[in-house]
Amino acid sequence: MDTARLLPLVVAVPLLGAAVLVATGRRLPRLVSDIVGCAFAAATAATALLVLFRAGHPGPGGYPVEWVGGWQRVGIVLVGDPLGAGLAALVSLLVVAVLVYSWRYFEEPPRRHTGSFPALILVFQAGMCGFALTGDLFNAFVFFELMGVVAYALTGFRVEEPKPLQGALAFGVVNSLGAYVTLLGITLLYARTGELGFAQIGRRLDTEGPDGLVLAAFVLVTTGLLVKAAAVPFHFWLPDAHAVAPTPVCMLLSGVMVELGVYGVARVYWTVFSGPGGLSHPDFTRALLVLGVLTALLGAVMCWQQRHLKRLLAFSTVAHTGLFLIGVAVLTPEGISGTALYVLGHAGVKAALFACAGVLLDRYATVDEHELFGRARELPAVGVLFAVGGLALSGLPPFGSGLGKAAAEEAAGHTAVWLPALYVLVSAVTGGAVLRAGLRIFAGVGRRPRDEEEGGPETTGEEEPETGGRLGRIPMPLLAVPAGLLAASLALGVVPAVASAVGRAGALFTDTGGYRRTVLDGHAEAVPAHVPPHWQLTGILLGLLSAALAITLATLAVRRPVHTGTAALLAPVRRLQSGHIGDYVAWLIAGTALLTALTVPGVR
Amino acid sequence: MSPRVRLWVFLVGAAGFAALFAAACLDLPAFGTVPHPYGVRAVHAALSHHTANVIASVNFDLRAFDTLGEESILFSAVIGTVVLLRQARDEHRKDPEPATVHPPVRRFALLTLPFALLVGLYVIAHGQISPGGGFQGGVVAATALHLLYIAADYRALERVRPLTLYEIGEAAGEAAYVITGLAAVLAGSAFLANVLPFGTLATLSSGGTAMVLNAAVGLEVTSGIVVLLARFLDQAVEIEEPGEGGGSPRDTRDSGGNGDDERERA
Amino acid sequence: MTVLPYLVAGWIFLIGVYGLVTSRDLIHAVGCLAVTQSSTYVLLLAVGYRNGGTAPVFADAPTDSRVVDPVVQALALTDIVVGATVTALLLALVVQLRKRHGTVDPDALSELKG
Amino acid sequence: MTDVLIVVALLLVAGAATAAVLNRDPMRQALVLSFLGLALALLFTFLQAPDVALSQLAVGSAVTPLMILLTVRKVRRRPGSGDGVDKPAGRER
């Protein structure tokens, strides 16, 4: 059978698994439903890996392209280009890891709903894989909504707690609104071109010059995707949702879902808008660069200020998304491949860090940095994992996140010389924040932080454990999963085959004409010239520099209490994160206007 | 932010949005004259598969993959709602008080109920010929069942509504959709390809797999909406929060069972 | 008439968002989100309309008659399902939120800040 | 003639949408939303979209308002909790 035939199965298999789990879930014992869930997720992962392998070793027709239902040019196309297939594989592997991690999680699943949690995770997997593989704009919207709907439900899963409900509601309202904005944009594109496929829309657009309609379509479509990617000022929902969702869900939300938003922005731009009838490259670069830099800086600053561990990690995701957006904004194959590798490495590291936070939550019923001070000395293994995760987050060679950061900052440096400094600074601050928390929690280093110094409102880390009672001994999967994820992240940086495959993926991803020809005409395309990510002396030195900076920042922070001056200075920034849905919606609309202002030609 | 600042942020954003959207509208072709290359191809494709209702053809044949996503959204939203509206650990149920219903209302509702159910099923069955289909018919049928709430009372509704069955029906509808798609792959064709005979245009059995998928969606939507409404009714009528008085509390927390299961046994 | 339907869609979107921003009740906010979404249906169908076209159903019409665009109608159908399910899910969250926070006023929710 | 009907339906929809937002009481809003669903169904019929009109009628003017009404009923059931803030039912801190 042609491997391309397998593309829709990456979506269909988990959906079937979910249906089976829901139909039988209420009668099945916990163990069986967990095994069924894992089996379906693993089967999907195997399919996705097969597609990925075929994408790396293409046949006569180029990488796998499948028109669902056999409707050539009339139906929906799924495209297994190396980057899309790679993301689908990443999603599937992470889902397997998450399901294994939650093996001992939720000691008491909701009565009669044993199958619901794995079923929802499987649908989530289907949505994310579909989004990564689709070559059709409306189909992308459908999968975007599918991811969203599942994610809202999963975020609010623990209904006995007040915080998850509030976070899930903000998440739901803001993301749905973003999706509707995207749909308005899709409709405008349909009105202009009468097509829905990326490749078809792009070809039609290029027969005419750009005008207000195209600009509006770009802004509206991108707004929704940026909401998912949590770019400033669309980011407010993310910390609220990611900090309160069940830990296994956080691993997926922060690890891959947000990054899929960035992927969507890049995919839509390169396939639809990058031609002469779309949006000019300088305009796109300017808009995304401004948003990316703002996102990275704000994320880093807010990350440093947190004491709620999961919220800290969530803000670090915001910061890194900013860096990913910058990598996309520079519009080079090297920027894309570096960022892709960065995303891969980051997914493993961030998921591992959330997994460690989950262990703390279940044992001590809190993830508050101040309350946990020194209490986790008894968990040295978790502490080591946490510290390694913090160092990998700061871009320490030879982790995959380090190589990705090095390659992305090198590519960004060609656009603006100061961008590498931003990469170093942001990864140092976020890595430093993690290390600071680790030093306090697992080693009890420095002075015990005093609460009365804190001024203004803030979220503390008191939560209910997600397992039935507090954990005594740490079950094996809760340690094995983060360890495996960190090892995978390390492997990404040291196995040269990964870097060369990612380099090739980036080159094919940015080849607009090649994509359109492969999808619509079935032509195999030569891979354009490119430089795969590789270790260079500057990259290694900058990586070591950020790791050293991170350690220094962390040590300084635990030795000396926070300056009240800086805290007061940053108070207005923190107050913006108000937890108020009306505020978030107002910012979303203002963000659309900002994006318009940034993309209108001539605005410098 | 204070309400005043929030309003200003919104107004600035709305002004930008309005300008952008208005500019786009002025560049759009005039209303009624938009070109439709895809639409024209879709009409040809639908007729080539003998599906009279082109919209049904687009939904269940050309873009059946979209509908798979759409049904999965409904499916996961229903699981999500069931999970979110579950009886929390600190809540208990009370039996709803039997309501008195005025005889004319009861007669009207009881008369309308079979009629509405029939309309729902009719709309599902004729999806590939006339406007309507699995989704519309499913919603009508599911809503019709809830006329019983008006006609009799909540307990009467619960008797004809074994929720477990509907939850399984929902999953079965979703599974049937996927399996129909997979069957095409096993038959050596593309996923969700229309491999059945197309039949005669504008007859009940026309459209090939479009008809099967339509039925699967009908099953899923009917069951899904019933479960959805049931959960909301459950919250509104039966589930009591801690500290909430009134009624006859029936704590099911330690008895191992719960409301639904007890009702199923009854 | 040439742009009126498009502008109406834009108006519905903005008024819905206005409601979301100024809402003092989360149930009302969810209702406003549903209003916002109806703008997408209006825009989709307005784009698909053709002067003098009939519904794309050939049960008893000749197969060469002029019809409006069926694709946008299929998209609008999908969109309506999405809207209903999102509304259900958000309302479920509001119900539980009311239990745990004792309020449905967004101004009074204070668990997540900073 | 069709054009006139479409314009009337459009204005009806725009008016109903505005009213649905400006009615701050969710109970009344549900009723206006139901009317909005009706107006949309009318508009879609004039736009030659009977399928969509049927869906909108079923969902927009029946299911969605019904869910909102049930939510309102649940939220308001507790005595003395019209719209004010009272003690949360969450766990003790």
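All chains are named by letter (A, B, ...) in the order of the sequence lines, taking the proteins before the strands, and each is independently numbered beginning at 1. Quick caveat, the model's predicted, so the values are computed rather than measured.
- Contact count against chain C (heavy-atom pairs under 4.5 Å) is highest for D:Ser55 among D:Ala16, D:Pro50, D:Ser55.
- Ranked by heavy-atom pairs under 4.5 Å with chain D, the first of C:Ala34, C:Gly53, C:Ala76 is C:Gly53.
- Minimum interatomic distance between C:Val42 and D:Leu40 (heavy atoms only, all atoms of both residues): CG2-CD2, 3.7 Å.
- Heavy atoms closer than 4.5 Å to chain C are found in the side chain of D:Gln29, but not in its backbone.
- Summarising the geometry, atom CG belonging to C:Leu26 is positioned 10.0 Å from atom CG belonging to C:Leu91; distances are rounded to the nearest 0.5 Å.
- Looking at D:Leu43, only its side chain comes within 4.5 Å of chain C, counting heavy atoms on both sides.
- Within the 4.5 angstrom heavy-atom criterion, only side-chain atoms of D:Thr2, from C-beta onward, approach chain C.
- Proximity to chain D (any heavy atom under 4.5 Å) is shown, for C:Thr22, by both the backbone and the side chain.
- Ranked by heavy-atom pairs under 4.5 Å with chain D, the list C:Val81, C:Ile12, C:Leu45 is led by C:Leu45.
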For residues 30-38 of chain D, tabulate all N or O donor-acceptor pairs below 3.5 Å that involve a side-chain atom, not counting sequence neighbours.
{"from": "D:Ser34", "atom 1": "OG", "to": "D:Ser61", "atom 2": "O", "distance (Å)": "3.1"}

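- Chain D forms the most heavy-atom pairs under 4.5 Å with one residue out of C:Gly31, C:Gly16, C:Ser38, C:Ala9, and that residue is C:Gly31.
- Identified under the side chain to side chain donor-acceptor pair (under 3.5 Å) test for residues 73-87 of chain C, with sequence neighbours left out: B:Glu70-C:Thr78, C:Gln37-C:Asp79, C:Thr40-C:Asp79.
- Within a 6.0 Å sphere centred on OH of C:Tyr18, heavy atoms belonging to other residues, nucleotides or ligands number 12 at most.
- Contact check on C:Arg24 versus C:Asp107 returns a salt bridge, with a Lys/Arg side-chain nitrogen under 4.0 Å from an Asp/Glu carboxylate oxygen.
- Interface remark: D:Val63 contributes no atoms to any contact with chain C (heavy atom separation under 4.5 Å).
- Residue C:Arg50 comes nearest to C:Val67 through the heavy atom pair NH1-O, 3.1 Å, listed as atom of the first residue, atom of the second, then distance.
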